[in-house]
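Below, all heavy atoms of this structure are taken into account, side chains as well, without hydrogens, waters or symmetry copies.
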2 protein chains.
Amino acid sequence: MSRRSGILEFAVLGLLRESPMHGYELRKRLNTSLGVFRAFSYGTLYPCLKTLVANGWLIEEPGSAPEDARAASLAGRRAKIVYRLTAEGKEHFEELLAHTGPDAWEDEHFAARFAFFGQTSRDVRMRVLEGRRSRLEERLEKMRASLARTRERLDDYTLELQRHGMESVEREVRWLNELIESERAGRDQRNGSAAQDTTGDTDGLPRHRGSSRPDPSDDTAK
Amino acid sequence: MSRRSGILEFAVLGLLRESPMHGYELRKRLNTSLGVFRAFSYGTLYPCLKTLVANGWLIEEPGSAPEDARAASLAGRRAKIVYRLTAEGKEHFEELLAHTGPDAWEDEHFAARFAFFGQTSRDVRMRVLEGRRSRLEERLEKMRASLARTRERLDDYTLELQRHGMESVEREVRWLNELIESERAGRDQRNGSAAQDTTGDTDGLPRHRGSSRPDPSDDTAK
DNA sequence: TTCGTCATGTAATGGGTTACATGATTAC
DNA sequence: GTAATCATGTAACCCATTACATGACGAA
């Protein structure tokens, strides 16, 4: 029953849908692949896993037997408890994916939703992107209004902070515009045919230049 | 005694240093002028004010008498409890301003510090800006490393999210570079003379183009 | 007189971290 | 054999929100 914070639950189910994992690895995935934006501690993760099990969405399996480790030299280090998504869990995740409430546009929530766009149907993707965008636009309106109201009473640093904040939001809006456009293009590109299968096809993403060469410098830093 | 969340305490003291205010107004200032980044509710603010009073950093004063309201038609609507900074409070705030610990580089903490740069000495400003920058740079390193490590295993959307996140950080680094350079320019500009008075002089900020015309459209939106 | 906004508060709850306790496995 | 990292967990606390309760004042 207990609701345990939408976003963590969502992300855990989403990651486990791809493949079973144990807690430790799950947390790493949460904080790297997915986690540009949010980090969870064990103190949050493990109890959450417990409740997901209690809800019947996950089952605990004994860690991969020693034989496994011999077989694949790398890959699966060695696990104690592997969590696997049940049929009900999968179903539940599907529901969460389809559900578009106004919570879905909020910062962290949105990022989590976006991270699983690969498994999201195109129309839901569109709704989420557009919802996010209008959320940001109304935020911009408020900022502009308050700025106009208070402008003169603020010192330069406060003003600069405000300006930078607004620019960040404006930038995200432009990003969303690109994404929405790409989604639309993707839709036009292969219209007419199959419109029914749940998950996304033709991912429609803009192409980008550089800004992330491999650069395998260190890795060992604390 | 109780520590009540650095950042709120800090911001409250900072705002009250400029002028006495009552809770309601304080909260509005927190969420507009200062609050691009963070919103506090009454449930947080009022108890915090209580403990600040208990610490001797604030005193409660009865709200401005009716006469006041007659005198200034606008300005001070009507206050119940006005909070004013005590000498000890001022001193304490001064200490907080001067203190540069590694906490000061974290997202929200940094924003709060920046918002009060107007009352911060130039060298502390520099330390905070540079600390923040290197904090972001190490974050970038981690992101790059993890990206290089996992790149192939990620779907396009996850990758796009990552890319956008990194670009945001890179953008903030560029912003900090500008600010640091301006601070340095400010220093050079009037070197030699008085180097001792606590608070900042010569604010050194880069000039920017537009991105915030008044546009007094609505304001009434929920 | 009723509605909106100003204004102050509190109790229940939520969501999460820290610090701690424990132990297995790998690499040196 | 000892350090690092993998791995799992829990209890105590922290910070803040929500929802609620209360009431004064100004404008329609």
Figure out the [atom1]/[atom2] separation between [X] and [N], and round it to whole Å.
X: B:Asp103; N: C:dT18; atom1: CG; atom2: P; answer: 12 Å
X: A:Leu8; N: C:dG14; atom1: CG; atom2: P; answer: 16 Å
X: A:Tyr42; N: C:dG23; atom1: OH; atom2: C1'; answer: 15 Å
X: A:Glu9; N: C:dG15; atom1: CD; atom2: C1'; answer: 13 Å
X: A:His109; N: C:dG15; atom1: NE2; atom2: C1'; answer: 13 Å
X: B:Glu106; N: D:dC15; atom1: CD; atom2: P; answer: 16 Å
X: B:Leu45; N: C:dT10; atom1: CG; atom2: P; answer: 12 Å
X: A:Tyr46; N: D:dT10; atom1: OH; atom2: P; answer: 11 Å

Can you see if the side chain of [X] gets near the phosphate of [N] - specifically, an N or O under 4.0 Å from OP1 or OP2?
X: B:Lys50; N: C:dT10; value: yes
X: B:Thr44; N: D:dC15; value: no
X: B:Arg27; N: C:dA7; value: no

Practice problem: Starting from the C-alpha separation in whole Å, work towards a yes-or-no answer on side chain to side chain donor-acceptor pair (under 3.5 Å) for A:Glu178 and B:His164. | Solution: CA-CA 12 Å; A:Glu178 276 186 58; B:His164 180 250; over 6 Å; no
Quiz item: Just by distance, with hydrogens left out, do A:Ser168 and B:Arg171 show a side-chain donor and acceptor under 3.5 Å apart?
Solution: yes
Quiz item: Quick one: is the NZ or CZ of A:Arg27 closer than 6.0 Å to the six-membered ring centre of A:Tyr24, and within 45° of its axis?
Solution: no
Per [X] side chain, nearest of listed nucleotides [options]:
X: A:Tyr24; options: D:dT5, C:dC6, D:dG9; result: D:dT5
X: A:Pro47; options: D:dT10, D:dA7, C:dT10; result: D:dT10
X: B:Lys80; options: D:dT8, D:dA24, C:dT10; result: D:dA24

Quiz item: Are the side chains of A:Leu13 and A:Arg17 in touch, meaning some heavy atoms are under 4.5 Å apart?
Solution: no
Self-check item: Any side-chain heavy-atom pair of B:Leu179 and B:Phe117 under 4.5 Å
Solution: no
Exercise. Find which nucleotide of DNA chain C each of B:Lys28 and B:Glu60 is nearest to by heavy atoms, and output the residue with the more 5' nucleotide.
Key: B:Lys28
Quiz item: If you pin B:Glu25 and A:Ser41 to their nearest nucleotides in DNA chain C, which one's is more 5'?
Solution: B:Glu25
Practice problem: Using a 4.0 Å heavy-atom cut-off across all strands, classify A:Gly43 as base, sugar-phosphate, or nothing. | Solution: base
